A.B. asks: 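Before we start, here is the structure in question, set down as structure tokens.
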Amino acid sequence: MDLTGAKFRFSDAIRATVDAQTRSIMDTFEGQQTSLKSAIDQQTGHFSLSQAEDIRETHNNFVKAILASTGTKYVSLSLSLVESVNKYDFISYALAARSIIEIVATFRYFVRQKIAPVVHEMASSPHYTAAQVKRLIEQENVYLRGTRFDWVSFFDGGFRPLNERYAEWLTEKKKNKNAKKWTPGRLPPIEQINVTTCLEKWAEAEPGVGTVYDLFCDLVHPNIGSVMSTMVHVGGELRFRVRDPSSVGLTLFQKSFAAFHVLTSRELTELIAMLLHLILPIEAAPDKSR
């Protein structure tokens, strides 16, 4: 799909309902997605399946994959967000926006909490070491391949073994609140950091993120937020309609979109810039003595 086409743009009808400042933010939002999609398509190599001889090549391979996959998820969800708003489907708008916040929060935690300390250590000495590059790769592997779901069991046996294990886990959890869902006796998956941890760490620096995220959660959960998303005033009563231009959901979009975009866009831009600087040149060999 061509992101420069009309399907990616907020419709004229939606634009007519918001103020000039929000329309300007819409323009910025659309332009960012188009530029990011173009950059991903033009990126040389996303993830090579070849065995790298130099550890820095392995690291660079992970960095490129993280940039491409994170950017692709962000753009894909942004496209869904625009399409949902144009259809007056404000529950789906909130679902896409909430997912974007979670993606940026996890990306932020990875870069600022896991990668940045190693990079600072590398920059503090005249030469970085192979051991330091390996530590970067360990964190990159967790970010790229981490999960909270047993994909091996799913692909091997479908839902049945997972259902059986889930029932066992519920019983185990009554005795041990830290019990894992993974099948005992098998090598567990690489466990991704909990998104709540990532969100709370971000909110410590920017409380507005927590507020906006809570708003979108209420809009998609079976709470008053999702009720209002489909609520329409008709005479002396309330009715609930699918994709109605006069629903309260439109007001909720008008009140939430600008804050959502400013918070996520600013952070994502900084994180991408930081990660781009992590691509290591291959000319000189790292110090292998440490």
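Predicted, not measured: the structure shown is a model, and the values here were computed from it.
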A.B. asks: Looking at L271, is its backbone amide N or carbonyl O close enough to the side chain of R108 to form a donor-acceptor pair, meaning the two atoms are under 3.5 Å apart?
C.D. replies: no
A.B. asks: With rounding to the nearest 0.5 Å, note down the distance linking CD1 in I282 to CG in D54.
C.D. replies: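 One gets 5.0 Å once the value is rounded to the nearest 0.5 Å.
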A.B. asks: If you define the side chain from C-beta out and look only at heavy atoms, does anything of H233 sit under 4.5 Å from L238?
C.D. replies: yes
A.B. asks: What is the minimum heavy-atom distance between W182 and T147, and which atoms define it?
C.D. replies: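 Of all heavy-atom pairs spanning W182 and T147, the closest is CH2-O, 4.1 Å.
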A.B. asks: Report the C-alpha separation of V18 and F257 in whole Å, then their side-chain angles, then the decisive distance to 0.1 Å, and conclude whether the side-chain contact (heavy atoms from CB on, under 4.5 Å) test is met.
C.D. replies: CA-CA 10 Å; V18 301; F257 177 72; over 6 Å; no
A.B. asks: Going by ring pair (Phe, Tyr, Trp, His ring centres under 6.0 Å), name the residues that satisfy it together with H59, two or more places apart in sequence or in a different chain.
C.D. replies: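 For H59, no residue satisfies ring pair (Phe, Tyr, Trp, His ring centres under 6.0 Å) once neighbours in sequence are set aside.
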A.B. asks: Looking only at atom types and distance, does a side-chain atom of T106 sit under 3.5 Å from a main-chain N or O of E102, one as donor and one as acceptor?
C.D. replies: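 The answer is yes, because a donor-acceptor pair under 3.5 Å joins these two groups.
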A.B. asks: Look only at the side chain of N223 and the backbone of G225, and say whether a donor-acceptor pair between them is shorter than 3.5 Å.
C.D. replies: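 The answer is no, because no donor-acceptor pair under 3.5 Å joins these two groups.
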A.B. asks: Does atom CZ (R15) have a neighbourhood of more than 12 heavy atoms from anything else shown, all under 6.0 Å?
C.D. replies: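 Yes, enclosed.
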A.B. asks: Answer whether the closest heavy-atom distance between the side chains of K181 and D150 falls below 4.5 Å.
C.D. replies: no
A.B. asks: Measuring only between side-chain heavy atoms, which start at C-beta, is L79 closer than 4.5 Å to K37?
C.D. replies: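 No - every pair of side-chain heavy atoms lies 4.5 Å or more apart.
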A.B. asks: Mind checking the CD1-NE2 spacing from I115 to H120? Nearest 0.5 Å is all I need.
C.D. replies: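 One gets 15.0 Å once the value is rounded to the nearest 0.5 Å.
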A.B. asks: Please tell me if the side chains of R148 and V195 come closer than 4.5 Å, counting only heavy atoms from C-beta onward.
C.D. replies: no
A.B. asks: What pairs of residues pass the salt bridge (charged side-chain N to carboxylate O under 4.0 Å, His left out) test when at least one of them lies in residues 232-245, not counting sequence neighbours?
C.D. replies: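 Matches after skipping sequence neighbours: D89-R243, E237-R239, R241-D244.
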A.B. asks: Determine which pairs satisfy salt bridge (charged side-chain N to carboxylate O under 4.0 Å, His left out) with at least one residue from residues 192-201, sequence neighbours left out, and list them in order.
C.D. replies: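 Residue pairs with at least one partner in residues 192-201: K201-E204.
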A.B. asks: Identify the heavy atoms of Q139 and F110 that sit nearest to each other, and give their distance.
C.D. replies: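 So the minimum-distance heavy-atom pair works out to O-CE1, 3.6 Å.
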A.B. asks: Output yes when a side-chain donor or acceptor of Q192 lies under 3.5 Å from a complementary backbone atom of R145, and no otherwise.
C.D. replies: no
A.B. asks: By the rule that ILVMFWY residues connect when side-chain heavy atoms come within less than 4.5 angstrom, directly or transitively, which residues belong alongside V234?
C.D. replies: V232
A.B. asks: Are F240 and L95 joined in one hydrophobic group, where the rule is that I, L, V, M, F, W and Y side chains link up if heavy atoms are under 4.5 Å apart?
C.D. replies: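 No, F240 does not connect to L95 through the hydrophobic network.
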A.B. asks: If you compare all heavy atoms of L263 against all heavy atoms of V209, which two are closest, and at what distance to 0.1 Å?
C.D. replies: CD1-N, 3.9 Å
A.B. asks: Taking all non-hydrogen atoms of both residues into account, name the closest pair between A94 and V220 and its distance.
C.D. replies: CB-CG1, 3.6 Å
A.B. asks: I want to check something: taking the side chain as every heavy atom from C-beta on, are R165 and E172 in contact at a cut-off of under 4.5 Å?
C.D. replies: yes
A.B. asks: Look at the rings of F29 and F260 and say which category their plane angle falls in: under 30° parallel, 30 to 60° tilted, over 60° perpendicular.
C.D. replies: tilted
A.B. asks: Would you kindly confirm whether V75 and L144 end up in one hydrophobic cluster when ILVMFWY residues are joined by side chain heavy atoms under 4.5 Å apart?
C.D. replies: yes
A.B. asks: Mind checking who shares a hydrophobic cluster with W169, ILVMFWY linked at side-chain heavy-atom distances under 4.5 Å?
C.D. replies: Y166, L170
A.B. asks: What's the spacing between D27 CG and F10 CZ if we round to 0.5 Å?
C.D. replies: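 Separation between the atoms: 10.0 Å.
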A.B. asks: Are L215 and L81 linked, directly or through other ILVMFWY residues, by side chains that come within less than 4.5 angstrom of each other?
C.D. replies: yes
A.B. asks: Should I25 and F253 be regarded as members of a common hydrophobic cluster, given that ILVMFWY residues are connected when their side-chain heavy atoms come within less than 4.5 Å of each other, either directly or indirectly?
C.D. replies: yes
A.B. asks: Below 4.5 Å, heavy atoms only, C-beta onward: do E206 and R266 meet side chain to side chain?
C.D. replies: yes
A.B. asks: Start with the C-alpha distance between L276 and I272, add both sets of side-chain angles, then the distance that settles side-chain contact (heavy atoms from CB on, under 4.5 Å), and finish with yes or no.
C.D. replies: CA-CA 6 Å; L276 281 170; I272 289 175; 4.0 Å; yes
A.B. asks: Rounded to the nearest 0.5 Å, how far does CD1 of I14 lie from NZ of K87?
C.D. replies: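 These two atoms lie 12.5 Å from each other.
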A.B. asks: Which value, rounded to the nearest 0.5 Å, describes the distance between S247 atom OG and L252 atom CG?
C.D. replies: 8.0 Å
A.B. asks: Examine distances only and state if a side-chain atom of E140 and a backbone atom of I66 form a donor-acceptor pair shorter than 3.5 Å.
C.D. replies: no
A.B. asks: With rounding to the nearest 0.5 angstrom, report the SG to CD1 distance, C198 to I101.
C.D. replies: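 Between C198 SG and I101 CD1, I get 13.5 Å after rounding to 0.5 Å.
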A.B. asks: For the residue pair Y93 and F216, categorise the inter-ring angle as parallel (less than 30°), tilted (30 to 60°) or perpendicular (more than 60°).
C.D. replies: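 Geometry flag for F216 against Y93: perpendicular rings.
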A.B. asks: If you take all heavy atoms of S48 and N61, which pair is closest and at what distance?
C.D. replies: N-OD1, 2.8 Å
A.B. asks: Check the pair R112, E267 against salt bridge (Lys or Arg N to Asp or Glu O under 4.0 Å), reporting the backbone distance first and the verdict last.
C.D. replies: CA-CA 11 Å; R112 298 191 186 276; E267 188 65 31; 2.8 Å; yes
A.B. asks: Are Y74 and F107 close enough that their ring centres sit under 6.0 Å apart?
C.D. replies: no
A.B. asks: For T72, which residues count as a side chain to side chain contact (heavy atoms under 4.5 Å, CB included) partner, sequence neighbours excluded?
C.D. replies: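 Side chain to side chain contact (heavy atoms under 4.5 Å, CB included) check on T72 returns I40.
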A.B. asks: Going hydrophobic residue to hydrophobic residue with side-chain gaps under 4.5 angstrom, can you get from V142 over to I103?
C.D. replies: no
A.B. asks: Do H261 and T28 come within less than 4.5 Å of each other through their side chains, counting heavy atoms only?
C.D. replies: yes
A.B. asks: Please name the pair of heavy atoms, one in S226 and one in H221, separated by the smallest distance, quoted to 0.1 Å.
C.D. replies: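 Shortest heavy-atom separation between S226 and H221 comes out as OG-O, 2.6 Å.
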A.B. asks: Give the C-alpha distance, both sets of side-chain angles, the deciding distance and a yes or no for side-chain contact (heavy atoms from CB on, under 4.5 Å) between L162 and F149.
C.D. replies: CA-CA 10 Å; L162 289 171; F149 185 74; 3.6 Å; yes
A.B. asks: Are T70 and L275 close enough that some pair of their side-chain heavy atoms sits under 4.5 Å apart?
C.D. replies: no
A.B. asks: Under the side-chain contact (heavy atoms from CB on, under 4.5 Å) criterion, do M228 and F90 qualify, and how do the steps go?
C.D. replies: CA-CA 10 Å; M228 289 192 292; F90 297 107; over 6 Å; no
